[in-house]
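Each chain gets a letter, A, B and so on, in the order the sequences are listed, and its residues count up from 1.
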Number of protein chains: 2
Amino acid sequence: MTDVAEQSLVAEWHALLARHAAVSGALECRLQDEHGIGVNEFETLERLATCDRKCRAADLTDATHLTQSTTSRLISRMERDGLVERSMCDIDRRGIFVMLTAAGRRLYEEAKPTHRAVLREQLAGEG
Amino acid sequence: MTDVAEQSLVAEWHALLARHAAVSGALECRLQDEHGIGVNEFETLERLATCDRKCRAADLTDATHLTQSTTSRLISRMERDGLVERSMCDIDRRGIFVMLTAAGRRLYEEAKPTHRAVLREQLAGEG
DNA sequence: AGACGATACATGCATGTGCATCTAATGCAA
DNA sequence: TTGCATTAGATGCACATGCATGTATCGTCT
């Protein structure tokens, strides 16, 4: 690999880092300020809202790119805040289902326009 | 904005999230396993190595997309591990200079091929 | 010179994170 | 059926992170 090719690879990585930092930072601020949730909470709400209201914990791990343990605690925090509920998974009693509460669905609907607006601002003309 | 345009915006964001998670996750693993450092440590080493060996703390904050306090602690950890040194900044006594030690420079040179290899694997054919 | 807001960095504190591990349930094999 | 490796999720622990704030210095204005 030539030096110039390597440099462009590094530049691409730095661009990816910068874009991720910009978008997730902006989302984090706006979602926190306007709705009191973070990016991971929003992604979790969205996944649950578009998943027939019933979702395994492992599905949420995939959706958020977090680890299994972090997902477990995220669910706990959201449960504490009344946004989701855990329920026993009858087909596999090791697992759990996570479901949106009414408050969780309401918060998702409220936060969604903010989320989309930030994406429009941050990703404008770069698709 | 049409629904389809909104969906593509969301898809673009999710693609960015996935790419970031894949590349930074792979870098984190490989750099940790093979050299005992994380992505932020590597970016800091690289910045210092390509910056005439002298850098203000604030410059490192920019390079890593971290906050100021996190950067301060990152420098502390790297100083504890013998990779960098803090020195008084004579032109502005509020600030500090951060410099690579010989060990820090050696570690950077060792880790750089790993870093580039992971970028090649992860970013292949997507530039 | 003296006062005051701005800037650079450090730090106390609460919280988020991953790793390793634990428990319980599953599936498969003997 | 019993035994054992595997899987789902919870949790103890150490550590990283950000926010708010503290300290010292700088620059400017009077």
Side-chain angles (χ1 to χ4, degrees), chain A residues 17 20-22 24-33 36-44 47-48 54-81 83-99, chain B residues 17 20-22 24-33 36-44 47-48 54-81 83-99:
Chain A
L17 270 178
H20 177 267
S24 72
L27 276 174
E28 207 72 57
C29 280
R30 294 276 298 275
L31 288 174
Q32 195 65 55
D33 285 355
I37 56 175
V39 172
N40 290 331
E41 281 81 357
F42 180 83
E43 293 293 337
T44 298
R47 177 72 161 219
L48 290 172
K54 228 172 194 181
C55 219
R56 295 290 290 265
D59 299 327
L60 300 176
T61 299
D62 297 341
T64 53
H65 303 287
L66 298 173
T67 62
Q68 180 269 320
S69 75
T70 302
T71 301
S72 174
R73 287 180 226 267
L74 180 59
I75 295 169
S76 293
R77 287 195 298 275
M78 294 178 71
E79 191 174 35
R80 181 200 63 194
D81 296 341
L83 301 176
V84 305
E85 276 175 2
R86 272 185 249 241
S87 71
M88 284 305 117
C89 173
D90 43 357
I91 56 173
D92 181 347
R93 293 173 48 183
R94 291 169 303 181
I96 59 165
F97 281 130
V98 184
M99 291 170 299
Chain B
L17 271 178
H20 177 267
S24 72
L27 277 175
E28 207 72 58
C29 280
R30 294 277 298 273
L31 288 174
Q32 196 66 55
D33 284 355
I37 57 175
V39 173
N40 291 330
E41 281 80 358
F42 180 83
E43 293 293 336
T44 299
R47 177 71 160 221
L48 291 172
K54 227 172 194 181
C55 219
R56 295 289 291 266
D59 298 327
L60 300 177
T61 299
D62 297 341
T64 53
H65 303 288
L66 297 174
T67 62
Q68 179 269 318
S69 76
T70 301
T71 301
S72 175
R73 287 181 225 266
L74 179 59
I75 295 170
S76 294
R77 285 195 299 276
M78 293 178 72
E79 191 174 34
R80 182 200 62 194
D81 295 340
L83 301 176
V84 305
E85 276 175 1
R86 272 186 249 242
S87 70
M88 283 304 117
C89 173
D90 42 358
I91 56 172
D92 181 348
R93 293 174 45 184
R94 291 169 303 180
I96 58 166
F97 281 131
V98 183
M99 292 169 300

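One side chain, A/Thr70 or A/Thr67, offers a donor N or O that lies under 3.5 Å from an acceptor on the other. Judged by distance alone, the side chains of A/Ser76 and A/Arg86 do bring a donor and an acceptor atom under 3.5 Å apart. Side-chain contact check for A/Arg56 and A/Thr61: no donor-acceptor pair (N or O, by modelled atom type) lies under 3.5 Å.
Judged by atom type and distance alone, A/Thr67 does not reach the base of C/dC19 through any side-chain donor-acceptor pair under 3.5 Å.
When DNA chain D is scanned 5' to 3' for any atom under 4.0 Å from a heavy atom of chain B, the first and last hits are D/dA16 to D/dC26.
Here the P atom of nucleotide C/dA25 and the CZ atom of A/Arg56 are 14 Å apart, to the nearest Å. Residue B/Glu28 contributes atom CD, which lies 9 Å from atom P of C/dC19 at whole-angstrom precision. Atom-to-atom, CD of B/Gln68 to C1' of C/dA10 comes out at 7 Å; the value is rounded to the nearest Å. Note: CD (B/Glu79) to C1' (C/dC9) measures 13 Å, nearest angstrom. Rounded to an integer number of Å, the gap from CZ of B/Arg86 to C1' of C/dA8 is 12 Å. For the pair B/Phe97 CZ and C/dA8 P, the computed distance is 13 Å after rounding to whole Å. Atom C1' of nucleotide C/dC9 and atom CZ of B/Arg73 are separated by 11 Å, given to the nearest angstrom.
B/Glu43 places no side-chain N or O within 3.5 Å of a backbone atom of B/Ala63 that could act as its donor or acceptor partner.
For A/Thr70, no side-chain nitrogen or oxygen approaches OP1 or OP2 of C/dG16 to under 4.0 Å. Considering only side-chain N and O atoms, B/Arg94 lies nowhere under 4.0 angstrom from the phosphate OP1 or OP2 of C/dA6.
In terms of position along DNA chain C, the nucleotide closest to B/Ile96 lies nearer the 5' end than the nucleotide closest to the other residue of the pair B/Ile96 and A/Arg93.
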